[in-house]
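Just below is one structure, and these are the notes that go with it.
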Amino acid sequence: MKLIEGTVVLVGLQWGDEGKGKIVDLLARDADVVARFQGGANAGHTVLRGDHERVFHLMPTGILHEDTLCLIGGGVVVDPAVLVGEIRDLEAEGVGVRGRLIVSGSAHITLPHHKRLERLQEEERGEQRLGTTFRGIGPTYADKVARSGWRLVDLVDFDRFSAEWRRRSGSDTSADEEWLAEYRDYAGVLREYVGDTALAINRAIDDGKTVLCEGAQGTLLDVDFGTYPYVTSSNTIAGGACTGLGIGPTKIDRVLGVAKAYTTRVGEGPFPTEERSQIGESLRERAREYGATTGRPRRCGWFDAVLVRRAVLFNGVGSIALTRLDILDELEEVPVCTAYEYDGARLESPPETAGALAQCAPVYETLPGWRASTASARRFEDLPAAARRYVERIGDLCGVPVTIISVGPHREETLYRQG
Ligand code: GDP
Ligand code: IMO
Ligand code: MG
């Protein structure tokens, strides 16, 4: 059975960390091309093979499949240190990257001052801080849009890059010598990987190849459609695949949304179903919800169908992959948020501002728990009746079928279902 065909965009439907890495790794088995289209090293996509856990920040997760071509599109912001580190680690483990990775020369690069600036900005915000990952994402995208950024094509032409850097930054550049030497090294490594990713992906699509676009972050962190200003600086929704890779919307066949069976958020910002109680804490401990990029504890709460329904719309999601169902195994009952109460009214869709969202009280429907292990289930029919009902209810509430169900971090801990 082929798991995917045509051009598929995979996106997170919540605040990131939905388990995209695991699902991309599964689907990449059938993909000829896997492409990242936005975000940067703020992403942390975990893949487990046997006992070996890997977290990818910039490298497309498809790199673990020998025959897959990996692309990093111009919509991504590249931290050269992180990408070079990933290339070197993979090569050291015997995973060949040469000839299998193309990075767009148009991708903007994160330089040391971007990260310093972000720290200062977060400090300055004080209580209003966003809780960013300190990967320099905001300042790098800000420079890009202000048309004063540096791109990978600039970096790999290193002599010109360093001369231009010195010219722009004025007389005293002695403080720059150290990082410039480091970046000369990165430029040397990355030079051979720079290429025309837009041409490569369009050719692959036109040749009938299977293409998987790997979204990073999640819909609620989208700079236009998320809980602004508590968002990241890119378009995380499926439309970002068009602008980040240079493919027309008509070339996308299907959008798969990944959602967790409950909700988490790292960083600041409104989160209506957050459980600040002991229950939230036990969920976090059971699920080991700590950030894959920063190690920060993730805030935990119940599945919010109001927000996911919205996310399904913004992305044109056709089906959902529901992950981490096993985390709910021990619960007596499982609440699902189906609407909000706001200002004396009942809302079926979320308000548009983060301020109003913070004032929303969730309206819960309580479903019976299953109090049994789901990790060994291999078909949908193997799940306890209450777990099947939970999955079906989520599909109904979100308006699209749940076709993939994940009951553990390993590949084989996955169930498939017809849409
Ligand atoms: P991503 O950013 O969306 O790729 O997600 P992360 O990798 O940051 O976080 C997801 C975490 O959940 C990782 O540690 C995965 O190994 C793990 N995971 C994925 N699916 C499942 C699942 O169904 N059950 C459990 N228990 N863990 C899962
Ligand atoms: P993956 O791809 C979860 C969050 C940060 C912060 C906000 C802005 O692993 O799902 P940024 O550093 O992007 O300027 O931070 O976005 N954030 C993520 N949260 N998963 C991610 O990526 C995230 N990438 C950024 O915690 O709240
Ligand atoms: Mg993650």
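The analysis underlying the following values was restricted to heavy atoms, covering all of them including side chains, and did not include hydrogens, waters or symmetry mates. Remember, it's 1-based here, ligands and their atoms both numbered in the order they're listed. Sequential numbering from 1 along the given sequence is applied to the chain's residues.
- Inspection of the Tyr340 and Asp304 side chains reveals an N or O donor paired with an N or O acceptor under 3.5 Å.
- For atom 24 (N) of ligand 1, the closest non-hydrogen atom of the protein is Asp326 OD1, 2.8 Å.
- In this structure, the side chain of Asp154 does not engage the main chain of Phe161 through any donor-acceptor pair within 3.5 Å.
- Two residues are said to be in side-chain contact when any heavy atoms from C-beta on lie closer than 4.5 Å; Arg310 and Phe225 fail this criterion.
- Considering backbone and side-chain atoms together, Gly19 places an N or O closer than 3.5 Å to an N or O of ligand 1.
- Considering backbone and side-chain atoms together, Gly21 places an N or O closer than 3.5 Å to an N or O of ligand 1.
- Atom CD of residue Gln38 and atom OG1 of residue Thr236 lie 6.0 Å apart, to the nearest 0.5 angstrom.
- Contact residues for ligand 2 (protein heavy atom closer than 4.0 angstrom to any ligand atom): Trp15, Gly16, Asp17, Lys20, Asn42, Ala43, Gly44, His45, Leu130, Gly131, Thr132, Thr133, Ala216, Gln217, Leu221, Val231, Thr232, Val266, Gly267, Arg296.
- Not a single N or O atom of Lys22, backbone or side chain, sits closer than 3.5 Å to an N or O atom of ligand 1.
- Residue-to-ligand polar distances place Ser406 within reach of ligand 1: an N/O pair is separated by less than 3.5 Å.
- Given atom 18 (N) of ligand 1, the protein heavy atom at minimum distance is Arg324 NE, 3.7 Å.
- Heavy-atom minimum distance, Leu347 versus Cys360: CD1-SG, 4.3 Å.
- Side-chain contact between Arg411 and Val47 is absent, with no heavy-atom pair separated by less than 4.5 Å.
- For the Mg ion (ligand 3), the nearby protein N/O/S atoms, meaning those under 2.8 Å, are Asp17 OD1, Gly44 O.
- When only modelled atom types and interatomic distance are considered, Asn235 and Thr243 share no side-chain donor-acceptor pair under 3.5 Å.
- Remark: Glu164 engages Arg168 in a salt bridge, criterion side-chain N to carboxylate O under 4.0 Å.
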List the atom pairs, with distances to 0.1 Å, where a side-chain N or O of residues 263-273 and a protein N or O form a donor-acceptor pair under 3.5 Å, not counting sequence neighbours.
{"residue": "Thr263", "atom": "OG1", "partner": "Trp302", "partner atom": "O", "Å": "2.6"}
{"residue": "Thr264", "atom": "OG1", "partner": "Lys260", "partner atom": "NZ", "Å": "2.9"}
{"residue": "Arg265", "atom": "NE", "partner": "Glu268", "partner atom": "O", "Å": "3.3"}
{"residue": "Arg265", "atom": "NH1", "partner": "Thr227", "partner atom": "OG1", "Å": "3.4"}
{"residue": "Arg265", "atom": "NH1", "partner": "Pro270", "partner atom": "O", "Å": "2.7"}
{"residue": "Arg265", "atom": "NH2", "partner": "Thr227", "partner atom": "OG1", "Å": "3.2"}
{"residue": "Arg265", "atom": "NH2", "partner": "Tyr230", "partner atom": "O", "Å": "2.8"}
{"residue": "Arg265", "atom": "NH2", "partner": "Glu268", "partner atom": "O", "Å": "3.2"}
{"residue": "Thr273", "atom": "OG1", "partner": "Trp302", "partner atom": "O", "Å": "2.8"}

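- In this structure, Gly408 counts as a contact residue of ligand 1, since one of its heavy atoms falls inside 4.0 Å of the ligand.
- Interface atoms of ligand 1 facing Gly44, defined by a heavy-atom separation under 4.0 Å, are 1 (P), 2 (O), 4 (O), 6 (P), 7 (O), 8 (O).
- For atom 16 (O) of ligand 1, the nearest non-hydrogen atom of the protein is Pro409 CB, 3.5 Å.
- For Lys22 and Glu413, the salt-bridge test fails: no basic side-chain N is under 4.0 Å from an acidic carboxylate O.
- Near Ile327, meaning under 4.0 Å from any of its heavy atoms, are these atoms of ligand 1: 26 (N).
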Output, in order, the C-alpha distance, side-chain angles, deciding distance and verdict of side-chain hydrogen bond (donor to acceptor under 3.5 Å, both in side chains) for Thr61 and Asp25. CA-CA 6 Å; Thr61 303; Asp25 179 53; over 6 Å; no
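- Salt bridge status for Glu86 with Arg54: absent, with no side-chain N to carboxylate O gap under 4.0 Å.
- By the 4.5 Å heavy-atom criterion applied to side chains, Asp253 and Glu5 are not counted as neighbours.
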Which pairs would a plain distance check flag for residues 319-328, meaning a side-chain donor or acceptor within less than 3.5 Å of a matching protein atom at least two apart in sequence or in another chain?
{"residue": "Ser319", "atom": "OG", "partner": "Arg254", "partner atom": "NH1", "Å": "3.2"}
{"residue": "Ser319", "atom": "OG", "partner": "Thr403", "partner atom": "OG1", "Å": "3.4"}
{"residue": "Thr323", "atom": "OG1", "partner": "Glu18", "partner atom": "O", "Å": "2.4"}
{"residue": "Thr323", "atom": "OG1", "partner": "Ala259", "partner atom": "O", "Å": "3.4"}
{"residue": "Arg324", "atom": "NH1", "partner": "Tyr262", "partner atom": "OH", "Å": "2.8"}
{"residue": "Arg324", "atom": "NH1", "partner": "Ala287", "partner atom": "O", "Å": "3.1"}
{"residue": "Arg324", "atom": "NH1", "partner": "Glu289", "partner atom": "OE2", "Å": "3.1"}
{"residue": "Arg324", "atom": "NH2", "partner": "Ala287", "partner atom": "O", "Å": "3.4"}

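- In summary, Glu91 and Arg88 do not engage in a salt bridge, as defined by a charged side-chain N under 4.0 Å from a carboxylate O.
- Glu285 and Tyr290 are linked by a side-chain donor-acceptor pair at a separation below 3.5 angstrom, with hydrogens and angles left out of the test.
- Residue contacts with ligand 1, taken as heavy atom pairs separated by less than 4.0 Å, do not involve Gln14 at all.
- Within the 4.0 Å heavy-atom criterion, neither part of Val47 lies near ligand 1.
- When each atom of ligand 1 is checked for a heavy atom of Arg298 under 4.0 Å away, the hits are 8 (O), 9 (O).
- For ligand 1, none of its N or O atoms has an N or O atom of Gly16 under 3.5 Å away.
- If you look at Thr46 next to ligand 1, the close heavy atoms, those under 4.0 Å, come from the backbone and the side chain alike.
- Taking a cutoff of 4.0 Å between a charged side-chain nitrogen and a carboxylate oxygen, Asp79 and Lys115 qualify as a salt bridge.
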